[in-house]
Structures are given as C-alpha cells and as structure tokens.
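Presented below is the structure to which this report refers.
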Amino acid sequence: ILFARTNIIYRTLSLFYKNSNNKFQYPIYIHTFGDLIDDDLKKKINNEIDSTIKFITIYPKIPSHIDEKDLYYNRNYHDYVKKTFSKKRIGFLHMCYFLTNITNFGHEGCISNELENYENLMFFDDDIHYKTEIKFDLFESLTDYPLVTAFTSKLEKNETNLACVENLWEFYKNYIALNKIIPKDKLLSTAITSNDENVLFQLDYSSGCMELYNMIKFKNGNWYNFINEVNKYGGNYKFRWNNNFIINLYLRTYYDDPIKNLSLLENEIIDIKFPGSDQFIYFNYKDYYSSKGFKFIVDLKNIFSKMYNKL
C-alpha cells in the first residue's frame, strides 16, 4: 500500500482487515514518501489491527537523465497542466513511477526489496473502502491471469485525457516496430497495422487502484526490456503516464486475455473513496533536494482522489 493520507489510514486498514484480511492474513507493507506516519499512529495500527504490519519510508527522486524543464508540470500548452498540475504535484509523478516499476525492488523511489521473493503481490489505494465482506481469496485468480483487478474502465477521449497520454502511442508503436512484435491483443494488433492511436481510448483498462500481480509474468525478459525502455523515455515524469496504461499495454502485447475483472466496484463490494479522503496532504522532503539549492514542499492533495475522474 502506498499511503498519502494519514487521516484515513486507520479506517482503510480496519475495513480491509474486517472484510478480508482477518480471514486470509496476508502480510502488509505500507510505503510512504517520507515520514508521513508518526510513531503513535504506527503503534496504534500495530496494537489494534495487526502487529505484523510493516512501515517502509522511501525517498523518491527524479531520475538523473530527466531535465527539470521536461517534467510534466512544465507542459503549460495543455490546459489541464496549466489549470490543475502545478510543480507542487511532483508527488503524483513519483507515484506513477512507483506503481509502474513493480519489479524494481529496492531501487530509489520504488517498492521495498522485502517483497522481492513473493510470487504474487497486491496493491490497493489508500482510500479503497471495503464495504462488505470478501468471502473468496483475491489471489486465487492469479493462477490463470497475470493481473487481477477490482474493476475495469475505458479512458474517455477528451482534452484532459489526451494530455495524459501524450506520446504514449508513438512510444508504443516504435517499441513494437523495433522489437518486431505482433501484439496478442487484436485491438492493438489492428491499430498497429493502421497506425490508429485512438485504440488508447478503446481498451478496457484495469483500475490501477486495486491490482493483484502474478509476478512470474513480470519477472522475465519481455517485461524488463519494456519497462527499461519506458524508464529511459521518462514517460511517468515527462508525460504523466499512469501505471495502468503502461502495465496494460505490456500485458496485452505479450499475453492472451491477461486481465481478470473481479467487478468489485460494480457489485458494491468496494468503493474508491469515502468521506475524509480529500484531506490536504503535504509531503515535506526536508533537505532531500538541498544540494540543488531548493527545497520541495510537495502538495499531495489530489495524488489519488482525482486519478479516476481526470486520468
């Protein structure tokens, strides 16, 4: 779990344990960008919910090959950026990088290396509201699928979302050509032949906010090559490419029918927000960037809450 909102962490975890994890007892690793959770709250969580929950602090950093002038918040030719994506939202770009690089265990700004030996991993957003009991083991479906998701949705083609997939099709098309690949997904295969970038708005994307991964399907040369090219291109930081865009394109390229939809949202088993989840959050990097002569106080107010209505 990547947590940003400390005012809802206790409730999120309580509902998750009440409606699922008290039964299945999967280990929980909570990641934060910086020291967001104080010792008293950690003790309360460990004492009252689960003593085995681990708290991991990570300090993300803009990759050295990406110039500050190329970061997404400088793309003011997009109205979306000009109006809603200021420099204060650097935390959102760090989040995209963190959630995309699911096999870069222990790397700067990435998932802890304590999770490297697990065959399956699950991520859920910090304001996922477990409304009712989940009676089945969420991980069971990973036997047959590389990815299991809480729900799927299409990306609406509008000005905002066009600003969030800038250059994604060109990158993908060039990757396919360079590696001489025929995508397994018929929509993608046809789109490559006709150079139809509108396919990005025809795919059913996994939720991105509650995902389970069969790591065997990612710990291979195809994924490593793909994610290395994504990182070299700087898509998360330069163009705000979300994790589900990138991971879904990879899976639909190399696997037939790779995504299982559990329909938890449609069946009202979960909700993706509950009251209090719009808390103003500030992430103080302290002096982490002081060597460059400045200090970031990063506003993470909308790091997750606008992920779904303004992808």
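Residue numbers run from 1 in the order of the sequence given.
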Query raised in the report: Would you say Asp126's side chain and Ala4's backbone share a donor-acceptor pair under 3.5 angstrom?
Result: yes

**Report entry** Greater than 12 external heavy atoms within 6.0 Å of Lys43's NZ
**Finding:** no

Requested in this report: Any chance you could measure Lys83, atom NZ, to Thr160, atom OG1, to the nearest 0.5 Å?
Outcome: 8.5 Å

Query raised in the report: For Thr253, does its backbone N or O pair with a side-chain atom of Asp185 as donor and acceptor, under 3.5 Å?
Result: no

Query raised in the report: Between Glu114 and Tyr29, is any pair of side-chain heavy atoms under 4.5 Å apart?
Result: yes

Query raised in the report: Hey, is Arg5 close enough to Asp127 for a salt bridge, meaning N to O under 4.0 Å?
Result: yes

Query raised in the report: Taking the six-membered ring of Tyr77 as reference, does the NZ or CZ atom of Arg75 fall below 6.0 Å from its centre and within a 45° cone about the axis?
Result: no

Query raised in the report: Counting distance only, does the side-chain N/O of Glu166 pair as donor-acceptor with the main-chain N or O of Ala163 below 3.5 Å?
Result: no

**Report entry** Check: Thr84 side chain, Tyr80 main-chain N or O, donor-acceptor pair, under 3.5 Å
**Finding:** yes

**Report entry** Distance-only polar pair, side chains of Asp35 and Thr57, donor-acceptor under 3.5 Å
**Finding:** yes

Query raised in the report: What is the distance from atom CG of Asn19 to atom NZ of Lys131, rounded to the nearest 0.5 Å?
Result: 11.0 Å

Query - Exercise: do Ser206 and Asn248 side chains pair donor with acceptor under 3.5 Å - result: yes

Query raised in the report: Phe24 and Ile134: side-chain contact (heavy atoms from CB on, under 4.5 Å), yes or no, with the steps?
Result: CA-CA 10 Å; Phe24 296 106; Ile134 300 176; 5.6 Å; no

**Report entry** Qualifying residues under ring pair (Phe, Tyr, Trp, His ring centres under 6.0 Å), relative to Tyr175, sequence neighbours excluded
**Finding:** Phe226

Query - ILVMFWY cluster, Ile216 and Val148 together (side-chain gap under 4.5 Å) - result: no

Query raised in the report: Between Asn179 (side chain) and Ile181 (backbone), is there a donor-acceptor pair under 3.5 Å?
Result: no

Query raised in the report: Counting heavy atoms not belonging to Glu197, are there more than 12 under 6.0 Å from its CD?
Result: no

Query raised in the report: NZ/Lys61 to CD/Glu108 distance, rounded to the nearest 0.5 angstrom?
Result: 5.5 Å

Report summary line: Here the gap from Ile45 atom CD1 to Ser14 atom OG, rounded to the nearest 0.5 Å, amounts to 8.0 Å

**Report entry** Side chains of Arg240 and Phe92 in contact at under 4.5 Å (non-hydrogen atoms)
**Finding:** yes

Query raised in the report: Asp67 side chain to Lys69 main-chain N or O, any donor-acceptor pair under 3.5 Å?
Result: no

Report task. Tell me, please, which residues at least two apart from Lys18 pass salt bridge (charged side-chain N to carboxylate O under 4.0 Å, His left out). Result -> none

**Report entry** Test log, rule side-chain contact (heavy atoms from CB on, under 4.5 Å), inputs Phe3 and Thr12
**Finding:** CA-CA 10 Å; Phe3 262 99; Thr12 298; 4.1 Å; yes

Report task. Please examine the side chains of Leu13 and Ile30, heavy atoms only from C-beta on, and report whether any two atoms are closer than 4.5 Å. Result -> yes

Query raised in the report: Heavy-atom count around Lys217 NZ within 6.0 Å, excluding the residue itself: above 12?
Result: no

Requested in this report: Would you check if the distance from the ring center of Phe139 to the ring center of Tyr26 is below 6.0 Å?
Outcome: yes

Report task. Please name all residues satisfying ring pair (Phe, Tyr, Trp, His ring centres under 6.0 Å) with Phe124, sequence neighbours left out, ordered by chain then number. Result -> Phe16, Tyr130

Query raised in the report: What orientation do Tyr255 and Tyr250 show, parallel under 30°, tilted 30 to 60°, or perpendicular over 60°?
Result: perpendicular

Query raised in the report: Any chance the side chains of Ser207 and Thr149 put a donor and an acceptor closer than 3.5 Å?
Result: yes

Query raised in the report: Can you tell me how far the CG atom of Asn261 sits from the OG atom of Ser141, to the nearest 0.5 Å?
Result: 10.5 Å

Query - Test item: Asn242 side-chain N/O and Phe245 main-chain N/O as donor-acceptor pair under 3.5 Å - result: no

Query raised in the report: Can a donor-acceptor pair be found between the side chains of Asp50 and Tyr17 at a distance below 3.5 Å?
Result: yes

Requested in this report: Would you check, one step at a time, whether the test side-chain contact (heavy atoms from CB on, under 4.5 Å) holds for Ile102 with Ile227?
Outcome: CA-CA 10 Å; Ile102 58 173; Ile227 194 59; over 6 Å; no

Report task. Indicate yes or no for a side-chain donor-acceptor contact from Asp125 to the backbone of Ile128 under 3.5 Å, with no hydrogens or angles considered. Result -> no

Could you list the donor-acceptor pairs under 3.5 angstrom formed between side-chain atoms of residues 232-239 and any protein atom two or more places apart in sequence or on another chain?
| unit_1 | atom_1 | unit_2 | atom_2 | d |
| --- | --- | --- | --- | --- |
| Lys232 | NZ | Glu229 | OE2 | 3.0 |
| Asn236 | ND2 | Thr100 | OG1 | 3.3 |
| Asn236 | ND2 | Trp241 | O | 2.8 |
| Tyr237 | OH | His94 | ND1 | 2.7 |

Report task. Using side chain to side chain contact (heavy atoms under 4.5 Å, CB included) as the criterion, list what pairs up with Asp196, not counting sequence neighbours. Result -> Ala191, Ser194, Asn198, Gln202

Query raised in the report: Hey, does the side chain of Asn225 reach the backbone of Gly221 with a donor-acceptor pair shorter than 3.5 angstrom?
Result: no

Requested in this report: Identify, with sequence neighbours excluded, every residue that meets ring pair (Phe, Tyr, Trp, His ring centres under 6.0 Å) alongside Phe98.
Outcome: His31

**Report entry** Salt-bridge present (Asp204, Arg252; N to O < 4.0 Å)
**Finding:** no

Report task. Could you check if a side-chain atom of Leu147 sits within less than 4.5 angstrom of a side-chain atom of Lys260, using non-hydrogen atoms only? Result -> no

Query raised in the report: Can you check whether Cys96 reaches Tyr72 side chain to side chain, under 4.5 Å on heavy atoms?
Result: no

Query raised in the report: If you measure from OG1 on Thr152 to CD on Glu266, what distance do you get to the nearest 0.5 Å?
Result: 6.5 Å

Requested in this report: For atom NZ of Lys42, decide whether the heavy atoms of other residues, nucleotides or ligands shown that lie under 6.0 angstrom number more than 12.
Outcome: yes

Query - Phe171/Val230 under side-chain contact (heavy atoms from CB on, under 4.5 Å): CA gap, chis, key distance, verdict - result: CA-CA 8 Å; Phe171 166 82; Val230 168; 3.6 Å; yes

Query - N/O donor-acceptor pair under 3.5 Å between Asn220 side chain and Trp223 backbone - result: yes

